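Comments concern the structure below.
A quick note: this is a predicted structure, and the numbers were derived from the prediction, not measured. Residue indices begin at 1 and follow the sequence shown.
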Amino acid sequence: MTEPNPNPYVDGGDYQWGPAQPYGQSNGYGYGYGYPQGPLAPTGAPGTGAGVPLLVLGDITVLQDSIVTPNGTMPLKGAVWNATDMSRTEEHIPTHSIVLAVVFSVLCLLGLLFLLMKEKRTTGFVQVTVSSGGRHHATMIPATGPDTIHWVMGQINYARSLSV
């Protein structure tokens, strides 16, 4: 190994917090700290002055002039946004209301009113897709309630207004 020992305590030097190389440069193994430099570098990298993210949907981040995804950076202008609701809401009678109905139906027939208790459970995802600059990315957002699709559509409508 021709490289000097990177441990600052071996050479007796003072310890400095942070990476040894400047921001964005390779550490010799092809990996650098921070954002990548070059054509796929996000425009919101610190020091570029692009600002803070305007919108985050799953792993899609919308900046002032670009969309950052794990597949790379896309231009914001002309982006096509879509959402598909793949969630479902089921309604069923919970077990404890059936037990209460059986117990109280022996005492009086009013126990049957426990069978009117219903529970709603929402499962599934809302799929959000974005296409721009010859790239396409899709992400899945878990549905936590029946109103999740309305929240996602509000976010997508905001992203569409930014894409004009």
Side-chain angles (χ1 to χ4, degrees), residues 3 6 16-101 113-164:
E3 306 253 344
Q16 297 292 325
W17 184 83
Q21 69 269 7
Y23 183 78
Q25 290 185 355
S26 175
N27 62 4
Y29 296 102
Y31 303 105
Y33 292 97
Y35 290 100
Q37 303 298 314
L40 294 180
T43 57
T48 61
V52 296
L54 301 175
L55 174 69
V56 176
L57 274 172
D59 56 1
I60 299 172
T61 303
V62 178
L63 301 174
Q64 291 176 354
D65 61 348
S66 63
I67 303 166
V68 180
T69 66
N71 293 338
T73 303
M74 302 181 232
L76 180 60
K77 187 173 176 91
V80 177
W81 296 86
N82 289 312
T84 305
D85 186 10
M86 295 190 283
S87 65
R88 67 174 193 241
T89 301
E90 300 170 343
E91 186 175 296
H92 68 281
I93 300 172
T95 307
H96 65 274
S97 76
I98 294 173
V99 171
L100 289 173
L113 291 176
F114 284 109
L115 294 177
L116 296 177
M117 293 173 45
K118 304 281 185 192
E119 231 178 41
K120 289 185 178 181
R121 183 181 313 155
T122 302
T123 57
F125 296 89
V126 177
Q127 181 183 29
V128 176
T129 60
V130 60
S131 298
S132 180
R135 292 182 184 228
H136 179 80
H137 183 72
T139 187
M140 305 288 266
I141 298 173
T144 57
D147 57 342
T148 302
I149 184 65
H150 302 294
W151 175 80
V152 170
M153 287 306 296
Q155 299 294 312
I156 287 181
N157 286 335
Y158 176 59
R160 286 176 180 160
S161 71
L162 295 172
S163 298
V164 175

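In this structure, Pro142 and Thr148 approach most closely via the heavy-atom pair O-CG2, 3.9 Å. Across all their heavy atoms, Val164 and Lys77 have their closest contact at O-NZ, 4.4 Å. Closest of all the heavy-atom pairs between Asp59 and His137 is OD1-NE2, 3.0 Å. Nearest approach of Leu115 to Ser97, heavy atoms of both residues: CD2-O, 4.5 Å. Across Asp85 and Ser87, no two heavy atoms sit closer than the pair OD1-OG, 2.5 Å. Across every non-hydrogen atom of Thr69 and Gly72, the tightest pair is OG1-O, 2.9 Å.
Separation of atoms CD1 (Ile60) and CD (Gln155) is listed at 12.0 Å; rounding is to 0.5 Å. Atom CG of Leu162 sits about 11.0 Å away from atom CG of Asp65, to the nearest 0.5 Å.
Panel note: side chain Ser66, backbone Leu63; no donor-acceptor pair is recorded below 3.5 Å. The closest donor-acceptor contact from the side chain of Ser132 to the backbone of Pro75 lies under 3.5 Å.
Considering only heavy atoms from C-beta on, Trp81 comes within 4.5 Å of Val62 through its side chain. Residues Ile98 and Met117 fail the side-chain proximity criterion, which asks for heavy atoms closer than 4.5 Å. Proximity of Thr73 to Ile67: side-chain heavy atoms (C-beta onward) are nowhere separated by under 4.5 Å. Put simply, the side chain of Ile156 reaches to within 4.5 Å of the side chain of Leu57, judged on heavy atoms.
Other residues, nucleotides and ligands contribute only 12 or fewer heavy atoms inside 6.0 Å of the CZ atom of Arg88.
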Can you give me every donor-acceptor pair (side chain of residues 118-126, partner residue at least two apart or in another chain, under 3.5 Å) with its distance?
| from | atom 1 | to | atom 2 | distance (Å) |
| --- | --- | --- | --- | --- |
| Glu119 | OE1 | His92 | NE2 | 3.4 |
| Arg121 | NH2 | His92 | NE2 | 3.4 |
| Thr122 | OG1 | Thr89 | OG1 | 3.1 |

Let me see the working for Asn82 and Arg160 under side-chain contact (heavy atoms from CB on, under 4.5 Å), right down to the final yes or no.
CA-CA 10 Å; Asn82 289 312; Arg160 286 176 180 160; 4.2 Å; yes

